[in-house]
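What follows is one structure encoded as C-alpha cells, with my remarks underneath.
A quick note: this is a predicted structure, and the numbers were derived from the prediction, not measured. Labels below follow one simple rule: chain letters A, B, ... track the order of the sequence lines, proteins then strands, and each chain is numbered from 1.
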There are 2 protein chains.
Amino acid sequence: MAKYVYFFGDGKAEGSAQMKSLLGGKGANLAEMTNLGIPVPPGFTISTEACIHFYKNNEQYPEGLIEEIESNLKRLEGLLKKGFGDGNNPLLVSVRSGAAVSMPGMMDTILNLGLNENTVKGLINKSKNERFAYDSYRRFIQMFSDVVLGVEHEFFEKLIEGNKKSLKVKLDTELNKEALKELVISYKKLVKEKKGFDFPDDPRKQLKMAINSVFESWNNQRAITYRNLHNMPHDLGTAVNVQAMVFGNMGNTSGTGVCFTRDPATGENKFYGEYLMNAQGEDVVAGIRTPQTIEHLKLDMPDNYGELVKIYQKLEKHYKDMQDLEFTIEEGKLYLLQTRTGARTAMAAVKIAVDMVNEGLIDKNTALLRIKPEQLDQLLHPTIDPKEKLNVIAKGLPASPGAAVGKVVFNSQKAIEVGQKGGKVILVRRETSPEDVGGMAESQGILTATGGMTSHAAVVGRGMGKCCVVGCNDLAIREGEGLFSVNGVIVKENDVITLNGTTGEVILGAATLIEPQLTGEFKVLIGWADSIRRLAIRTNADTPYDAKVARDFGAEGIGLCRTEHMFFGADRIPIVRRMIVADNKEDRQKELDKLLPMQKSDFKGIFKVMENLPVTIRLLDPPLHEFLPNTDEEIKKMAKDLSVDVRVLKDKVNSLHEFNPMLGHRGCRLGITYPEIYEMQVQAIFEAACELAKEGQYIIPEVMIPLVGHINELKFTKDSVIKVAERTMSKYGVKLEYMIGTMIEVPRAAITADEIAKEAEFFSFGTNDLTQMTFGFSRDDAGKFLPFYIANGILERDPFVAIDQAGVGQLIKIAVQKGRSVRPKLKVGICGEHGGEPQSVEFCHKVGLDYVSCSPFRVPIARLAASHAVLKEKA
Amino acid sequence: MAKYVYFFGDGKAEGSAQMKSLLGGKGANLAEMTNLGIPVPPGFTISTEACIHFYKNNEQYPEGLIEEIESNLKRLEGLLKKGFGDGNNPLLVSVRSGAAVSMPGMMDTILNLGLNENTVKGLINKSKNERFAYDSYRRFIQMFSDVVLGVEHEFFEKLIEGNKKSLKVKLDTELNKEALKELVISYKKLVKEKKGFDFPDDPRKQLKMAINSVFESWNNQRAITYRNLHNMPHDLGTAVNVQAMVFGNMGNTSGTGVCFTRDPATGENKFYGEYLMNAQGEDVVAGIRTPQTIEHLKLDMPDNYGELVKIYQKLEKHYKDMQDLEFTIEEGKLYLLQTRTGARTAMAAVKIAVDMVNEGLIDKNTALLRIKPEQLDQLLHPTIDPKEKLNVIAKGLPASPGAAVGKVVFNSQKAIEVGQKGGKVILVRRETSPEDVGGMAESQGILTATGGMTSHAAVVGRGMGKCCVVGCNDLAIREGEGLFSVNGVIVKENDVITLNGTTGEVILGAATLIEPQLTGEFKVLIGWADSIRRLAIRTNADTPYDAKVARDFGAEGIGLCRTEHMFFGADRIPIVRRMIVADNKEDRQKELDKLLPMQKSDFKGIFKVMENLPVTIRLLDPPLHEFLPNTDEEIKKMAKDLSVDVRVLKDKVNSLHEFNPMLGHRGCRLGITYPEIYEMQVQAIFEAACELAKEGQYIIPEVMIPLVGHINELKFTKDSVIKVAERTMSKYGVKLEYMIGTMIEVPRAAITADEIAKEAEFFSFGTNDLTQMTFGFSRDDAGKFLPFYIANGILERDPFVAIDQAGVGQLIKIAVQKGRSVRPKLKVGICGEHGGEPQSVEFCHKVGLDYVSCSPFRVPIARLAASHAVLKEKA
C-alpha cells in the first residue's frame, strides 16, 4: 500500500531535506533537523501525493490515509505521553500547509488544534494558568473559524472590541481570564450564527477539517492565478504538517527565545540572542517584558544553555552558515522550533563570509555567493537605525538607496538657498526636470509624486548617490499653499521628514541615521570578486566629481558621459537658450562658439580623473525644449534676459513642444538636423584630448551617437564626427586613437544590428530607452499601472529595474549576435540603469557583453554581481 | 583594341536596349529606337567602361578613345553632311550624362555644343534667324560655363537682368538680337574674369571638356552621398551621349510637336497631340503661340504626318503601351527625339489597359500591372483641374487624397455651425484631437500645422475619405486674431482656400474641382484583380456609414473597429467623463451601465451592415485623458456640467496627465486596471450579436485586445472577456462562435509572439504603433525631422506611409513565424494605416498574412495591390 504520511520525532525522521517535492519545503526541513539529532517537537507530514489524489478523486482521501494519520497520531501520543483530546494531558498540534514552492494564497498556520471545553481543562492543569489556556482557546477558535470555516476575522475583532470597551481596557493583553472565557462563548455563538452549525469540538474532526482546508487552499483563486502567471504546473499539490505544540509558558522551568549563531548586526563570531522565562514566542517579540540576553540563560538554565550551545555549533557546521534559531523550553526540556539561515546586515554578511573562509568552513567562491550584491548598497549609504520606531506616512518607489532627513521644500530655488547655507532639506516635487539638478545637489534627498525607477529624479538621484523616493502616487502637492497632503496627513514646508530610499518609505519626523563604513573585510571580498569576474565595470558619470567617486569605487572607465547635464550650469543655460532660439545657423554658431571652451574644460576635467581609462562620451541627447522654460512667467523672464520679444519666444517654445518627447526630436535626430551642435561637441572632445595628449596624458575618446535606429543616421553623423576629429587633431598636430560607436536603444537598431555594426566600432545598450520602446512604456507614466502589474504578477519585476530577459533581453541577444556577425571584435557594453542591477549584470555576462556601466554608487555591486555571473555559469 | 564608343544613326545602332550597363539607360534607348528604323538624330555613346578607366587611371582617357570619338564625329559629319566647327554648315551636338540608374547630382544636358563666333554665322545662315542663333549661343555659353566651368548661374542672370533693365523690358524673350549679341560678349568677359582664361572657342576642346565634366559628375559629393545612402556600388561609372542637334525653327518646312498614341486624359484610342511649325520644343511648352492639334499636321505636312502615324503605331506595338513622343521636323525631315511610356490619368490608365487586353495587345496580368494601385485614388476623390493656374502658398504632407475648397475656420465648433447650414469650410488647426471629429466631419478638408502621416487628423481624414493636409510646418496659426500666416501670406477666417490632399499643396482661392467617376472598365479590371489575389481585404470602420462605404468598395469584413470613437458622441461624452472622474468602481460602473445600451446599438448597426462577414472589434485603446478637456476654461465648464468641484476635477485631470501618452496608460493597461470598462464593452458586443442571432443573422465577433506586450496581459484580459461573453450568451440562450485575439503593435509582442500565440486566436499588426515604437518616432512629432530625413535620403520613404521592411517588417516576419510555430492556423492580418499602401500590401502578401485592413477609400487600392503581389511573386 502507498505511504502518504511521514513521521518525524525522537531523533529520527522518515523524510529528509532531499524530499521537498514529496514533503514540501517545511516538512522536508523539519525532517532534516530531526535526523540531525536536534530536539524538535515531533509530528508528521502528509505528503503532496495525498493532495494530488484528493484532487484527482473528487476530493476523496486515498485509501488508508485516515488510518495512517491515526497511527501517526498514536505514535505522537506515545512519544509525548499525551492524548489527543485527553482532558487531563491533552496533545495539541499545529497544522501548516507546505508546498515545494511557497506561494501567496496558501493556508496560514493553525495553532493549538485539539482544544475544546474538555481539553482546555487539561491545559489549565498543565500550565497552571487559566488565562493563558483560555486565551489559547479563543485564539484557536478565531484562527480556525477564519481559515477553515471562512468566518471573517473582523467579526471576531468586533467582539473583542466590545469586550474591551465594557472593561475599559485598551490592549488584548489586559483582558482577564473571565473576559476571555466569555469571549470563547460569544465566539462560538458567532460561528453558529454565521455557519448554522456548532463550532466543531471533536479534535479529530478539527484535524480533518484543517487538513481538507490545506488541500483546498492549493486550488483557491489566488494560488491558481499565481501559478498561471508564473507558468507553474497545477498538479504538484501541497503537503500538510501536523506538529505537536510545545509551550514555554508553563512555569519557571519553561521559556522561549530567539538566537543567532553570530552577531547579525556586526558579524562578530559570538553567540547572540534573547529569551524570556515563562513566556511564549510572541511575548519576546511583543516587548512587554524585557528579554534577557542569551548569556544569562547560563545562569537560569545551565543545562539547557549548554545543550543550546552545542546545537547552535552543530547547526552552523551542518549548514555552513550563520543560523537564526527559535527555541522553547517546556518544563526543562529544550525544543528547537526552527533553524534557518539568519538575516544579517550587509556589514555582518561580509564579515561572516570572509571569517568563514578564514575558518576553513567555506571557500572563497561560496563566500562571494553568500553576499547578495544588492546588499552592498547598505555599506555605501546611511541607513535608518533598525531599532527606531517610525511613523511611515506613505510609500513610493525606492529609486535611490540610503536614508535622508531634512526639512521639506517644494522648489529647487529654495533647496539651493537653504542647502548652500548648510541647511538640510528634502526636495519634494511632482516630478523633477533637468532644471532641478542644482536643487537636487543641495538636498539630502528627493521625493517625487510621479515617475518610475528610471524617471529623471531616479536617474539623477542614483547618479549623485542621493537618497530618492519617486512615484509616491498618494502625494498631493499644493506648492501654492506650501504643503503636501498624503493619506490624510498634512506636511508643511519646513516640517522635517525622513526618506528611506531602500524601501521607498516616507517617514514623518527625523529618524536616527547610521553612517556607512567600508570595512577591511569588504576590501578582501571585493578583491576576490575582481579576481574572477570577466565583465569590465565602468561608470556613468558626467562630472569630474562623479568620475572620482566611481574610480574610488573601482570603476574601470566611463561608459556613459552625458553631455547635456553640462548644459544646465548657471553660466551655460542662457547661452544654450540663445543657441536654441536662434533663427539661423550663423546665430546658432555664435552661441556654440561660446559653449565650446566650457565643454572643452568639462571634458578635460573628466579625462584627467580617468587617466589611462576609456571614456565614452554621448553627444547631446534630449530634445531642445528640455532646456527651455514652460510657464508663461518663466518665458517672460527668459525673454527679458535674452532681450527677445516675448511673443517670438513663445512661438519658438510652442514650436518645440512635443506630444511624446521620448519619441521626439532628440538624439542623433538633433545631430542630423543641427549638425553644428554635434560638431561643437566633437571639437571640444578632441581639443581637450589633444591638449592633454600634449601634456603626456593617454586618452582614447569614444564618441557615442545616441538614438540611432537606421544605419544611415549613423553614417551621416559619423562622417561629420570624423571630419571634425581629423581637423582638430591636425590643428594640434596630435594623432589620437579614437572610436565612434552608437547606443543601441531603439528596437530597430537591435533588429538591424548587422547593418549598424558595419559603421559602429562599439555598441552600448541604452536599456532605459530600449525598455521603454520595447514595452511601449513611458518611464515617467508607467507608475499608473506598473505597481498594479507587479502586485498582480502580470510582470514579475519592474523592467526598468531588472532587464526583461524574455523581451528586451532577446533584442540584446539578437543585436550582439548580429553585430558580431559582421564585426567579430565589436566592443559591446550596457550603459542603461540596469548596468548596476545584479540580475541584469548576470544576464549581460551570459550574452557576452564586454562591460557594464552603472552609476558610481553601484560600481561595487556590479563588481560583485559580475563575479556571481562567473560562479553561476560554472555551477 | 577595346571598343569604347557606340554609334547610332541612319537606321542602325551598335547598341540596343539590352546594353544598359554599358551604355547607360539613355544611350541604350537611343540605340533601340534607331534599330527599330525610327528616324532619330544620329550620335554616339561613350561607354561606362571609358568612365571606369578614367577613374582607375588618374583621370586619363583609355588609349584610343580620342581616336574613336574623332572617327565617330567624322561618321556623324558624313551622315549629316555638316562639319563640327564648320562656319557655313556647322554640326552642333548635345552632350548628356547617362548612367545605368539615374541619380541626383549627375551632370545636366549641354545643348548647342560646337557654337563659337564662326559657327554661329553658319547657324544664322541655315536658320535665317539671327536672334535665334545668338540666343542659342548665349544659352550655350551660360550652360557650359555653369556645368563645365563652375561659374555660377546667378552671375549670368545678373547680366541679363541689367540688360533687360536698360532696355526696359521684362521677359528674356523680349531681348532683341543686338541685346543678345552684346550679352554673348559680356558673358565671355565674365568667364575670363572668374576663371582667368578665355571661354573655349574650339568645338573639340568644348567637347572634351564636356565629356570630362560628365565623367567627373559621377564622383561629385551629391552622387557619392546618394550612392552611399542607397548602398550602390561606386564603380559602375556613367556613359556620355553625344547627339546631333536638330532644329524645328528653320522655316516653314520645319516644326516641332509632342504627341500621345492614345488620349492621356480619357484613354480613348486615338492619336492625340499638338505641334507648332517653325518652332523649337520649348515654344510648344511656353504657350506663346497657340499650338495646332496633331490632326492639322495632315494639312501642313501631309507626308510627315503620314510618316508620324506609321511611327506611332509601330512604337505602340513595339512597346505594347501608350507612348509619349517628341518629334522635330527640320526642313521637311522628321526626327523622333524621344519615345517613352506616356503619363496618363488614372481613368485613362484603366481604359487603356482594359482596351489593350480586348485588342489582344497584352494579357490581363499585364493590364493589372499597368495600373499603379495608388493611381486609383484619383478615381475615388475629386481632383483639381490640371489646366488651372494655382497660387500655391504652402506645402504640407499629403495625408488624405483628393481636393477640397472652402472657407477657413479655426475650430470645430465653427466648422459644425457653418457646415450644418450647408456652408463649405476647411478646418485649419495646429493639430486635431478626438474632440474635433465632429468638426472634421462637417468640413470639406482639414489642414494642420503639425503631425505626420499617421497623426490624428491624417488617420481620421483618410477614414472619412476626406481631403487632408497635415504637418504644414510653415503655418503660424493665430486663432485669437482669426488668421494664419504662411510664408508671408496672411489668410483670414472665411478666406477661401483649396487643399490638394494628393500633393500636400495649400492653394489660395478656389480651384476648379473635377468630380470622380467609376467607369465600367474599372469594374472589369478590379474583377480581374479579385480573381487572382490571395489576401483578403478588410476595412477599418467605426460606424455603420463607413462600413457601408467600404463594403460598397469591396471590403470583405472589418479588420479594425475602434470603439473609442463611439465615446465622443455628444450624448456620450458627458457620461464618459463622469465615468473617468468617478472615485470608485461603483460610481464608474453606474456610468458604464448607461453607456452599455449605446455601445450595443453601435455594434448592432455595424454588424447589420457587415452581415455574414467577420468584424474585429478593438476594445478601448486611448488613454483616458484624451476624453477630458485641457484648458482651465473647459475644465470649469465641465465641472459645472458634471456638478463637481473644479479643484477636484483639476486634480483628476492633472493626475491623468501623461508625459508620453503614446507610451502611457492605454490599451489593455486600462483594461487591466479598470476591468469594468472592457467588461461593459464585451457585454455590449455579445448582447448585440446575440440579439441579431435571434433574428437569424450570422455573426462571428472577433474581440481584439490592444497594446499587449506580455503574455500575462493577454491572459488577464482574455479571462475576463470569456467570462462576460459566456455569461451574456447564456443569458440570451445563444451559442455563438467567437474569437479572442490581439494587436501586435508593441515590439515586445512581436519578439515573444510564440508565447502570445498560445493565448491569441488571431494577430492583427497595428503597424502605426509598431512603427512608432520600433523607430522610437512619435507620429505626432516626427514632422520636425522626417521631411529632412527623406529629403536627404536617410530614409527612402516615410515609414508611417510604407512599412519599413528592413526594420518593422523584420518584426512582422518574426512574429508571423513564431506565432504560427505554436498555432499553425493562426489568423494574421494588419490593421495599421499601411494596410492600404500598395508596397506594404505586397509585403504583407509575401510574409504570409491572411488579410489587410484599410480605410474604406483605400479598399480598391488594396484589392489591386494584392493582385500585383501575386503577379510579382510569379515573375
Side-chain angles (χ1 to χ4, degrees), chain A residues 225 228-229 430-431 450-451 473 476 623 651 654-656 658-665 667 669-670 672-673 707 709-710 712-713 715-716 719 745-749 751-752 755 769 772-782 784-785 788-789 792-795 804 806-808 810-811 814, chain B residues 225 228-229 430-431 450-451 473 476 623 651 654-656 658-665 667 669-670 672-673 707 709-710 712-713 715-716 719 745-749 751-752 755 769 772-782 784-785 788-789 792-795 804 806-808 810-811 814:
Chain A
T225 304
N228 273 340
L229 291 177
R430 199 168 126 70
E431 74 276 346
T450 64
N473 287 321
D651 277 356
N654 281 339
S655 80
L656 288 173
E658 293 187 310
F659 300 97
N660 296 285
M662 203 56 81
L663 307 176
H665 194 182
R669 300 165 196 172
L670 271 181
I672 287 169
T673 46
L707 218 69
H710 193 288
N712 286 348
E713 293 177 311
K715 275 185 186 168
F716 193 100
D719 281 355
E745 53 188 335
V746 170
R748 198 183 184 286
I751 294 163
T752 61
E755 283 298 311
D769 271 306
Q772 292 197 91
M773 295 179 201
T774 303
F775 271 95
F777 287 170
S778 156
R779 67 181 193 190
D780 294 317
D781 302 309
K784 297 210 172 75
F785 55 88
F788 183 93
Y789 270 32
N792 288 274
I794 291 174
L795 291 178
D804 156 51
V808 176
Q810 284 309 304
L811 280 179
I814 290 171
Chain B
T225 304
N228 274 341
L229 291 178
R430 201 169 124 70
E431 75 276 348
T450 65
N473 287 321
D651 277 358
N654 282 339
S655 80
L656 288 173
E658 293 187 310
F659 301 98
N660 296 284
M662 203 57 80
L663 306 176
H665 193 183
R669 299 163 197 172
L670 272 180
I672 287 169
T673 47
L707 218 70
H710 193 288
N712 286 347
E713 293 177 311
K715 275 186 188 166
F716 194 99
D719 281 355
E745 54 189 336
V746 170
R748 198 182 184 286
I751 294 162
T752 61
E755 283 298 312
D769 271 307
Q772 292 196 92
M773 295 178 199
T774 303
F775 272 95
F777 287 171
S778 156
R779 66 182 193 188
D780 294 316
D781 302 309
K784 297 210 172 75
F785 55 88
F788 183 93
Y789 271 32
N792 289 273
I794 290 173
L795 293 177
D804 155 52
V808 177
Q810 284 308 303
L811 281 179
I814 289 171

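The candidate with the highest count of non-hydrogen atom pairs below 4.5 Å against chain B, out of A:Ser655, A:Pro661, A:Gly664, A:Gly776, is A:Gly776. Ranked by heavy-atom pairs under 4.5 Å with chain A, the first of B:His665, B:Gln810, B:Arg430 is B:His665. Ranked by heavy-atom pairs under 4.5 Å with chain A, the first of B:Glu713, B:Arg669, B:Met662, B:Met773 is B:Arg669. Between chain A and the options B:Ala806, B:Ala476, B:Gly667, B:Ala749, the largest number of non-hydrogen pairs under 4.5 Å is found for B:Ala806. Contact count versus chain B (heavy atoms, under 4.5 Å) is highest, among A:Thr673, A:Leu663, A:Asp719, A:Leu795, for A:Leu663.
In this structure a side-chain-to-backbone donor-acceptor pair under 3.5 Å is present from B:Asp804 to B:Gly807.
Residues passing the salt bridge (charged side-chain N to carboxylate O under 4.0 Å, His left out) test with A:Asp769 are A:Arg666, sequence neighbours excluded. For A:Phe777, the ring-ring contact (aromatic ring centres under 6.0 Å, His included) partners two or more places apart in sequence, or in a different chain, are A:Phe775, A:Phe785.
In this structure, the side chains of A:Thr450 and A:Asp780 stay at 4.5 Å or more apart for every pair of heavy atoms. Side-chain contact between A:Leu670 and A:Pro623: absent, with no pair of heavy atoms (C-beta onward) separated by less than 4.5 Å. Within the 4.5 Å cutoff, no side-chain heavy atoms of A:Ile751 are placed close to those of A:Ile814.
The part of A:Thr752 that comes within reach of chain B is its side chain, from C-beta onward, which places non-hydrogen atoms under 4.5 angstrom from that chain. At a 4.5 Å heavy-atom cutoff, the contact between B:Phe788 and chain A is made by side-chain atoms alone. Neither the backbone nor the side chain of A:Ala782 comes within contact range of chain B; no heavy atom of the residue lies under 4.5 Å from a heavy atom of that chain. Neither the backbone nor the side chain of A:Glu745 comes within contact range of chain B; no heavy atom of the residue lies under 4.5 Å from a heavy atom of that chain. Neither the backbone nor the side chain of A:Asn473 comes within contact range of chain B, judged by heavy atoms closer than 4.5 Å.
Note: A:Ile672 CD1 to B:Tyr789 OH = 3.5 Å, rounded to the nearest 0.5 Å.
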